Amino acid sequence: MQPLSDTLISRTFADADYVATSDAMRASILKRIEVKQQQGLRTPDELWIVDHNDVYTLGQASKPEHILQQTDTPIIQTDRGGQVTWHGHGQLVIYWLFDLDSLGWSVRNLVSHAEQALEDVINDCLKSHCSSESAASDFKAKARRDAPGVYIYSGTVTDDANTEAQTTDNIMLGKIASLGFKIKHGFSYHGLALNINCDLSAFNAINPCGYAGMQMLRLADFVSIDNNDVDNHKMNNNEATLSYKRVSQMLIDNIAQRHAGDIALRPVPPKS
């Protein structure tokens with residue numbers, strides 16, 4: 001357990017079994033709900049940083065036709081939102097066990113904070129670690145209102161809150177991060193998954209997030225990721241490689257700042 005602030009702590013789980021982790025997360029939330037309802041106490045929020053063993057997970061509304069082929073990888077039904085996805089090594093999963101009412105966040109705030117935290121970190125990595133400034137300007141991470149998650153675009157992508165990222169002068173290359181939350185009595189759990197240096201072939205057996213033909217991407221497709229996981233803090237050196245650990249810490253730091261109110265939400269474009 002690592003304290004991030006007086007009201008936020010983090011826990012790290014390696015080689016995590018999905019069912020055991022999910023059960024523990026739900027039990028933690030139920031206990032916090034009980035404490036708040038019976039004692040009126042606010043308990044610290046938690047970020048669970050998880051490295052899952054290979055698993056396919058199904059959201060509450062998942063349709064069986066989105067599983068294209070059976071493999072040896074377990075398929076687990078969950079209580080989160082969304083459709084089918086894959087978790088495994090090389091993918092960063094962060095669960096947000098937050099008391100939304102105490103934070104003053106709506107569910108839309110929660111989703112927007114998650115998407116914008118991912119945008120911030122991915123774009124920082126692209127800007128700082130592409131081989132050239134021109135290459136960095138060719139790619140941008142951006143959320144879409146019509147399909148939750150974060151995607152990589154090629155070309156000029158506008159940040160205008162009144163304009164969707166998908167415009168005529170850029171191309172959506174694929175999805176790099178997924179979201180799936182569950183809200184219970186004003187508390188959130190489950191969270192986000194960012195593909196860092198995972199083997200993307202596992203997604204071939206499914207329609208990722210329910211989208212047939214959706215191309216899944218990973219950060220390692222665009223910047224150099226040290227597979228030995230050597231932490232590298234030379235963020236201003238374009239030739240420096242990133243590590244899984246470094247990207248994880250960048251995202252944890254960004255989320256913690258948002259939780260503390262130090263990073264405000266940017267305007268969200270209207271849903272088209």
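Only heavy atoms go into these numbers, but all of them, side chains included; no hydrogens, no water, no symmetry mates. The shown structure was predicted, so the numbers you read here are calculated from the model rather than taken from an experiment.
Between the side chain of Gln77 and the backbone N or O of Gly59 there is at least one donor-acceptor pair closer than 3.5 Å. Side chain of Ser22 to backbone of Tyr18: no donor-acceptor contact under 3.5 angstrom is found. In this structure, Asp221 contributes its side chain and Arg218 its backbone to a donor-acceptor pair below 3.5 Å. Panel note: side chain Glu119, backbone Ala143; a donor-acceptor pair is recorded below 3.5 Å. Ser248 places a side-chain N or O within donor-acceptor distance of the main-chain N or O of Tyr244, the cut-off being under 3.5 Å. Checked by atom type and distance alone, the side chain of Arg145 never pairs as donor or acceptor with a backbone atom of Pro148 at under 3.5 Å. Side-chain atoms of Asn123 do not come within 3.5 Å of backbone N or O of Lys140 as any donor-acceptor pair. Of the possible donor and acceptor atoms, none in the side chain of Asp226 sits under 3.5 Å from a partner among the backbone N and O of Ser243.
In terms of heavy-atom proximity, Gly88 sits nearest to Asp51 at O-OD1, 4.2 Å. The minimum heavy-atom distance linking Asp54 with Pro74 is given by the pair O-CD, 3.7 Å. Nearest heavy atom pair, residue Leu103 against residue Arg42, reads CD2-NH2, 3.7 Å. Nearest heavy atom pair, residue Ala117 against residue Leu251, reads O-CD1, 3.7 Å. The nearest pair of heavy atoms linking His52 to Ala16 is ND1-O, 3.3 Å. Here the shortest heavy-atom pairing between Asn204 and Gln69 reads O-OE1, 4.3 Å.
With values rounded to the nearest 0.5 angstrom, Arg266 atom CZ is found 10.5 Å from Glu115 atom CD. Taken to the nearest 0.5 Å, the CE atom of Met216 stands 9.5 Å off from the CH2 atom of Trp86. A distance of 12.5 Å separates OG of Ser28 from CG of Asp23, quoted to the nearest 0.5 Å. Distance check: Trp105 CH2 to Arg258 CZ gives 8.0 Å after rounding to the nearest 0.5 Å. Rounded to the nearest 0.5 Å, atoms CD1 (Ile176) and CG (Leu219) are 5.0 Å apart. Rounded to the nearest 0.5 Å, atoms CD1 (Ile183) and CZ (Phe98) are 11.0 Å apart.
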Q.
If you apply the rule side chain to side chain contact (heavy atoms under 4.5 Å, CB included), what do you find for Leu126 with Ile122, and how did you get there?
A. CA-CA 6 Å; Leu126 292 174; Ile122 296 168; 4.1 Å; yes
Take Asp99 and Arg32 through the test salt bridge (Lys or Arg N to Asp or Glu O under 4.0 Å) and record every step on the way to the result. CA-CA 9 Å; Asp99 179 348; Arg32 292 181 62 197; 5.1 Å; no
Could you please spell out the steps behind the side chain to side chain contact (heavy atoms under 4.5 Å, CB included) verdict for Leu217 and Phe222? CA-CA 9 Å; Leu217 304 173; Phe222 302 92; 3.9 Å; yes
For this session: Could you please spell out the steps behind the side chain to side chain contact (heavy atoms under 4.5 Å, CB included) verdict for Thr43 and Lys31?
Result: CA-CA 10 Å; Thr43 49; Lys31 180 62 177 177; over 6 Å; no
### Message
Run the side chain to side chain contact (heavy atoms under 4.5 Å, CB included) test on Asp124 and Asn254 for me, step by step, so that the C-alpha distance in whole Å, both residues' side-chain angles and the decisive distance to 0.1 Å come before the verdict.
### Response
CA-CA 11 Å; Asp124 192 7; Asn254 189 288; over 6 Å; no
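A heavy-atom distance below 4.5 Å is found between the side chains of Arg80 and Thr85. In this structure, Phe181 and Val107 have side chains that are not in contact, with every pair of non-hydrogen atoms separated by 4.5 Å or more. When side chains are defined from C-beta on, Ile255 does not count as touching Leu4, because their heavy atoms never get closer than 4.5 Å. Looking at Leu192 and Leu179, their side chains come closer than 4.5 Å, going by heavy atoms from C-beta outward. Using a 4.5 Å cut-off on side-chain heavy atoms (C-beta onward), Tyr95 and Val93 make contact. Using a 4.5 Å heavy-atom cutoff, the side chains of Tyr56 and Ile67 are not in contact. The closest side-chain heavy-atom distance from Cys198 to Leu200 is below 4.5 Å. Residues Phe187 and Asp101 form no side-chain contact, since every pair of their non-hydrogen atoms from C-beta on lies 4.5 Å or further apart.
Between the side chains of Asp253 and Gln257, not a single donor N or O lies within less than 3.5 Å of an accepting N or O. Judged purely by distance below 3.5 Å, without hydrogens or angles, the side chains of Ser112 and Asn109 never pair a donor atom with an acceptor atom. Side-chain contact, Asn53 with His89: a donor N or O sits under 3.5 Å from an acceptor N or O.
Tracing side-chain contacts under 4.5 Å through hydrophobic residues (I, L, V, M, F, W, Y), one never reaches Leu265 starting from Leu8; they form parts of separate clusters. Follow the hydrophobic side-chain contacts under 4.5 Å out from Trp96 and you never reach Leu30; the two are in separate clusters. Residues Val55 and Ile75 do not share a hydrophobic cluster, defined by chaining ILVMFWY side chains whose heavy atoms lie under 4.5 Å apart. A continuous path of Ile, Leu, Val, Met, Phe, Trp and Tyr side chains, each step under 4.5 Å between heavy atoms, connects Leu242 with Leu194, placing both in one hydrophobic cluster. Ile263 and Ile94 are members of different hydrophobic clusters when ILVMFWY side chains are connected at heavy-atom separations under 4.5 Å.
The side chain to side chain donor-acceptor pair (under 3.5 Å) analysis of residues 171-199, with sequence neighbours excluded, yields the pairs Asp79-Tyr189, Asp79-His190, Gln91-Asn195, Asn197-Asn227, Asp199-Ser201.
At most 12 non-hydrogen atoms from other residues, nucleotides or ligands lie less than 6.0 angstrom from CG of Asp6.
Stacking of Arg144 on the aromatic ring of Tyr151 is recorded, both the 6.0 Å distance cut-off and the 45° axial limit being met.
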